[in-house]
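Throughout, protein chains are lettered first and strands after them, A, B, ... in sequence-line order, and every chain is numbered starting at 1.
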Number of protein chains: 2
Amino acid sequence: MNTQFKKGVLELIVLLAVSKKDMYGYELVLEVSKFVDVNDGTIYPLLKRLTNDKYFETYLVDSTEGPARKYYKITVLGKERVKELKQNWTTFVSGVDKFIKECTKDE
Amino acid sequence: MNTQFKKGVLELIVLLAVSKKDMYGYELVLEVSKFVDVNDGTIYPLLKRLTNDKYFETYLVDSTEGPARKYYKITVLGKERVKELKQNWTTFVSGVDKFIKECTKDE
DNA sequence: TTTAGATACTTGACAATGCAAGGTAGTTGG
DNA sequence: CCAACTACCTTGCATTGTCAAGTATCTAAA
């Protein structure tokens, strides 16, 4: 898959996933992988960044299957960010799609 | 606009535009700008890269409005690249869209 | 002819982000 | 104890877009 396409979009995806329900990192990796090819070394730094930016809060929950799970919970600021990013994304995609159609129509 | 979204997609856009008809750099900047916010300092290096990669060939044409224009023409290799990238792009977008719907459905 | 302005393109330092590869820890079963 | 699985995290690297500055060429006005 094209790595470049993912740039920036993963932020939206992760924000969206967590906004639906609290999740821990590993869970997110598995969930997101169903739709887009991702590496866990991509997700963890991203989660850290989004937490630093106050879009997420975290809490630990013990697990019987390994080390404690760090859950991420979306904040109010995070919800605003989702809305903004989602809007940007749709606008961007529709612009690109229009361009593609424009360039492909006579074939 | 989100800078990151553009990563990789601009390559597709430029390839598509040139595959429709031969174009010179400045013309491309203006054309692409109609759909996506771009900087001319982004387009020129990209054109150079795509030419190095044998996706484009170039030729010069005199102009009455300034210096000679360097036209870019798509190669066979370039056409294959377009097809590949376009396919990747649609697959990627539909994956993301599915994810977005998945996360937004109960609201 | 020299100056100004538009056009056309190049270059280099910079920032963001994804990836591969590695490391740490806890739990369970052999 | 050791292997396998879960879960988490860090580091260095490559790619690609941005911005600022600079080069060069043409036209037209002074």
Side-chain angles (χ1 to χ4, degrees), chain A residues 1-15 22-33 35-53 55-56 58-72 85 88-89 92 95-96, chain B residues 1-15 18 22-33 35-53 55-56 58-72 81 85 88-89 92 95-96:
Chain A
M1 230 340 240
N2 192 313
T3 295
Q4 298 303 321
F5 288 162
K6 293 176 211 164
K7 303 263 170 171
V9 188
L10 286 179
E11 178 178 340
L12 171 59
I13 289 184
V14 166
L15 280 162
D22 296 5
M23 294 181 90
Y24 57 96
Y26 193 75
E27 190 185 10
L28 257 167
V29 175
L30 297 180
E31 178 65 17
V32 172
S33 297
F35 298 84
V36 179
D37 210 39
V38 227
N39 198 289
D40 69 316
T42 299
I43 297 294
Y44 288 114
L46 178 54
L47 286 169
K48 199 180 187 181
R49 204 188 92 218
L50 295 175
T51 307
N52 284 339
D53 292 349
Y55 298 140
F56 288 155
T58 65
Y59 56 94
L60 289 174
V61 174
D62 279 344
S63 164
T64 59
E65 301 166 50
R69 294 166 171 167
K70 188 189 274 185
Y71 276 83
Y72 294 83
L85 266 186
N88 283 359
W89 172 247
F92 178 73
V96 173
Chain B
M1 232 337 242
N2 193 313
T3 295
Q4 299 303 319
F5 287 164
K6 294 176 210 165
K7 304 258 172 175
V9 187
L10 283 180
E11 179 178 339
L12 171 59
I13 288 183
V14 166
L15 280 162
V18 175
D22 296 4
M23 295 181 91
Y24 58 95
Y26 194 73
E27 191 185 7
L28 256 167
V29 174
L30 297 179
E31 178 66 18
V32 172
S33 299
F35 299 85
V36 179
D37 209 39
V38 227
N39 202 291
D40 69 315
T42 299
I43 297 294
Y44 289 115
L46 178 55
L47 286 169
K48 202 177 185 183
R49 202 187 95 218
L50 295 176
T51 307
N52 285 338
D53 290 351
Y55 298 141
F56 289 155
T58 64
Y59 56 95
L60 290 174
V61 175
D62 279 344
S63 163
T64 60
E65 300 166 53
R69 293 164 172 169
K70 188 189 273 184
Y71 277 82
Y72 294 84
R81 178 72 173 158
L85 268 185
N88 283 358
W89 172 248
F92 177 73
V96 173

Distance col, row A:Trp89:CH2 vs A:Leu12:CG, nearest 0.5 angstrom, shows 8.0 Å
Residue set satisfying ring-ring contact (aromatic ring centres under 6.0 Å, His included) with B:Tyr24, at least two apart, ordered chain then number -> B:Tyr71
From CG of A:Asp62 across to C1' of C:dT27 the rounded distance in Å is 12 Å
Taking for A:Thr42 and for B:Gly8 the nucleotide of DNA chain D with the nearest heavy atom, the one nearer the 5' end belongs to A:Thr42
How would you label the contact of A:Thr3 with the nucleic acid (heavy atoms, under 4.0 Å): base, sugar-phosphate, or nothing? sugar-phosphate
Would you mind classifying the nucleic acid contact of B:Leu10 as base, sugar-phosphate or nothing, using non-hydrogen atoms under 4.0 angstrom?
sugar-phosphate
message: Determine whether B:Ile13 and B:Lys6 satisfy the following criterion, side-chain contact (heavy atoms from CB on, under 4.5 Å), listing intermediate values before the conclusion.
response: CA-CA 10 Å; B:Ile13 288 183; B:Lys6 294 176 210 165; over 6 Å; no
- Task: Would you indicate whether the side-chain heavy atoms of B:Phe5 and A:Val9 approach each other to under 4.5 Å?
- Result: yes
Protein heavy-atom contacts under 4.0 Å, written 5' to 3' over nucleotides 7-13 of chain C as B (base), S (sugar-phosphate only) or - (none), form the string BSBBB--
In whole angstroms, the gap separating P of C:dT17 from CZ of B:Phe5 amounts to 10 Å
Contacted region of DNA chain D by chain A, from 5' end to 3' end of the hits, cut-off under 4.0 Å to heavy atoms, spans D:dT6 to D:dT16
The reported gap from CG in B:Leu15 to OH in B:Tyr72 (rounded to nearest 0.5 angstrom) is 12.5 Å
* Asked: With a non-hydrogen cut-off below 4.0 angstrom, is B:Lys7 in contact with a base, only sugar-phosphate, or nothing?
  -> base
Heavy-atom closest pair (A:Asp40 atom, A:Pro45 atom, distance to 0.1 Å) is O-CD, 4.3 Å
A:Asn52 atom CG is separated from C:dT17 atom P, nearest whole Å, by 13 Å
If we ignore hydrogens and angles and just use 3.5 Å, is the side chain of A:Asp53 paired with the main-chain N or O of A:Tyr55 as donor and acceptor?
no
With side chains defined as the heavy atoms from C-beta onward, is the minimum distance between A:Val96 and B:Val36 less than 4.5 Å? yes
To the nearest angstrom, the CD-C1' distance between A:Glu11 and C:dT17 comes to 10 Å
Output for pair (A:Phe56 CZ, A:Lys48 NZ), nearest 0.5 Å, gives 15.5 Å
